[in-house]
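The structure under discussion appears below in the form of structure tokens.
Everything quoted here is computed from the prediction, not taken from an experiment. Numbers restart at 1 for each chain; the letters A, B, ... are given by sequence-line order, proteins then strands.
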2 protein chains.
Amino acid sequence: MSAESGADRPTPTLEMVAALAGVSRATVSRVVNGAPSVDPHLASSVEKAVQTLNYVPNRAARTLASRRTYTVTLLVPESTSKVFADPFFATVVEGVARYLNTTDYMLNMVTSSEANPEKTRRYLLGGNVDGVLVVSHHSGDHSWTQLNASLPTVFAGRPLVNAANSYFVEVDNEEGASAATSRLIEGGRRHIATIAGPQDMPPGVDRLQGWRSALLDAGLSDSLAETGDFTVVSGAVAMRRLLDRGQPLDAVFAANDQMAAGAYSVIKERGLRIPEDIAVVGFDDDLYATSLSPALTTIHHPIAALGEKMAELLVELIEGRAAERIHRLPTSLVVRDSA
Amino acid sequence: MSAESGADRPTPTLEMVAALAGVSRATVSRVVNGAPSVDPHLASSVEKAVQTLNYVPNRAARTLASRRTYTVTLLVPESTSKVFADPFFATVVEGVARYLNTTDYMLNMVTSSEANPEKTRRYLLGGNVDGVLVVSHHSGDHSWTQLNASLPTVFAGRPLVNAANSYFVEVDNEEGASAATSRLIEGGRRHIATIAGPQDMPPGVDRLQGWRSALLDAGLSDSLAETGDFTVVSGAVAMRRLLDRGQPLDAVFAANDQMAAGAYSVIKERGLRIPEDIAVVGFDDDLYATSLSPALTTIHHPIAALGEKMAELLVELIEGRAAERIHRLPTSLVVRDSA
DNA sequence: TTGTAAGCGTTATCAC
DNA sequence: GTGATAACGCTTACAA
């Protein structure tokens, strides 16, 4: 029932279009690729021919001739299984796909096969792709930081090493953490703790710094800090330690929602109320945020936007346009019931 | 620090290999493609040349000449955002990638852009890919069932329409449901209800059928059935209706774990105990299964294996090998605490 | 501005 | 079994 019923006619080629339009193949090529100067008259007749023939350029031929592949690879880190089920990853990919859909580029995924990363490396460096997108959750720790020397590469999040030479887009973690903390201060809290993320990854460091600077700006103490590893249980452990210090504490900024969830359980288990006794603000605005009770006030992490921006940056790089090495996406405070 | 330091030398071509090995390009091509008959002596010398030059065939050229792309597309259904965050989808992809990594095929994703599905169609039918993989969660409802007429296509799950002409791999839903029910019967239960899935999608139908046949084989009644839509709340609603019938009921088979979760809440709310008063078995073995309390006994749904099998089937189709239209993957009972 | 023609790196069809 | 040689469909100097 589709449009191609009874269609065994051969795929139209550039040559056929040229013939139909009565021009040379070169001209058709120019029109198709939006070349700067072609007689508008001829151009339109070519376009008509393209329409009626339903012509679509052959990628392989184009690639072979131009040495451009119009393909960008999404490099999926080693531990495929986990990474893929990670909503962060999924959302980034969604953003990437969304942007790429507005361009001529195709997305292809290569999971850097545990088997042989060398195969992946060869594929990438073997002229099969125009650029690479590297996604690796919170951790900036990936072994592909040297890629950008040979191929346009964009990272999700500031790479731990070689950041100075890398193109990447990250969320403005420091600003977000600062906004979260300010919310607490404005709410009248004066003894504001934090459950920080790992200090060996950028988001962990930056969010701690944001909390600290907001506090210092307000003339408050930054002594109430414990570190977790972004998991729910680590959040609970940290909260417990915080409470066991026996110091006044009326609010806590958790560096991500999962740790906030852990903090929730401990706070409740001690018979304290949220937000009356202790106000809580998280970071990420992930699934946990709304499923917690009371609903968590948190910092929205624009993940899909991050993916879109990464793709946009990469295309700019590929096409040789000037581009900023660093893109920092703004976060926003989502006020719910915990602070 | 990588292997390509100081490497500005051009990518080796088939021609260079031929020169180095002292044979014709045709021979090199034969060796590289594992052609049936080439003098083993020459072959090895070619292989040596390939090694030393670190030759890798150029995909575009190969595609142009052979009219094979060595690329398979994973078609992501309309609602990208949701689908992608769905662990089912993620896991299928993982399996697909795993299999493809053992072959020469590349995976490329195209999200059938809401914008213009026509673009997608043209891409697929325009000779850019060798085959397509269509994934659409439980529902067999996708508008791409006609694709297989023009391109090797494999579906995840039995398509609702045109199933007779489609290649697909599905989990053996009926057998699984039957096993779940048998578990209940063997546990001494005699009044076994079911919370069935939607009857307009294959898994819903098949799982209901499995429950029914197990019951009938045991000489038990199949009157205790209510239908949900695979969501947690629909499970709760169905359970409530079941209980409100006022008939004896000592066990329930939920067609998926989410509905089982819904049933749990109602059972507890009525002051009944699991499994003492009512035993429960689910289906899918997803995240809910272990997070419920008591842990849910359920049917394991081999999702990654499904992805692997899909990819394998597709490659067989592409390479013209004989292949079964239908592949049914076995499920397994995972015994935990609810039955 | 437009056309001519030379590739791009393989595979495939032939003779040898 | 092996080697010329013609495609494959498009881009891109270079000429006109």
Legend entry - Short side-chain N/O contact from A/S24 to OP1 or OP2 of C/dG3, under 4.0 Å: yes
Inset, instruction - Output yes when at least one side-chain N/O atom of A/T27 is less than 4.0 Å from OP1 or OP2 of C/dG3, else no. - result: yes
Inset, instruction - Determine: side-chain N/O of B/R62 to OP1/OP2 of C/dT11, distance under 4.0 Å, yes or no. - result: yes
Inset, instruction - Can you figure out which of D/dG3, D/dC10, D/dT2 approaches the side chain of B/A26 most closely? - result: D/dG3
Legend entry - Check: B/R30 side chain, D/dG3 base, donor-acceptor under 3.5 Å: yes
Legend entry - Check: A/L313 and A/V315 side chains under 4.5 Å, non-hydrogen atoms: no
Inset, instruction - Using whole Å, report how far CG of B/D39 lies from P of D/dT2. - result: 5 Å
Inset, instruction - Measure from the side-chain heavy atoms of B/N58 and tell me the nearest of C/dT11, C/dT10, D/dC10. - result: C/dT10
Inset, instruction - May I ask you to establish whether A/R68 and A/Y70 are in a cation-pi arrangement, using a distance under 6.0 Å from NZ or CZ to the six-membered ring centre and at most 45° from the ring axis? - result: yes
Inset, instruction - Determine the contact category for B/R25: base if any of its heavy atoms lies under 4.0 Å from a base atom, sugar-phosphate if only primed atoms, P, OP1 or OP2 are that close, otherwise nothing. - result: base
Inset, instruction - Between A/V28 and B/V23, just flag the one whose closest nucleotide in DNA chain D comes earlier from the 5' side. - result: B/V23
Legend entry - Pair of N/O donor and acceptor under 3.5 Å linking D/dG9 base with A/R59 side chain: no
Legend entry - A/E15, CD atom: more than 12 neighbouring heavy atoms under 6.0 Å: no
Inset, instruction - Establish, from distance only, whether the side-chain atoms of A/N33 and A/R62 form a donor-acceptor pair under 3.5 Å. - result: yes
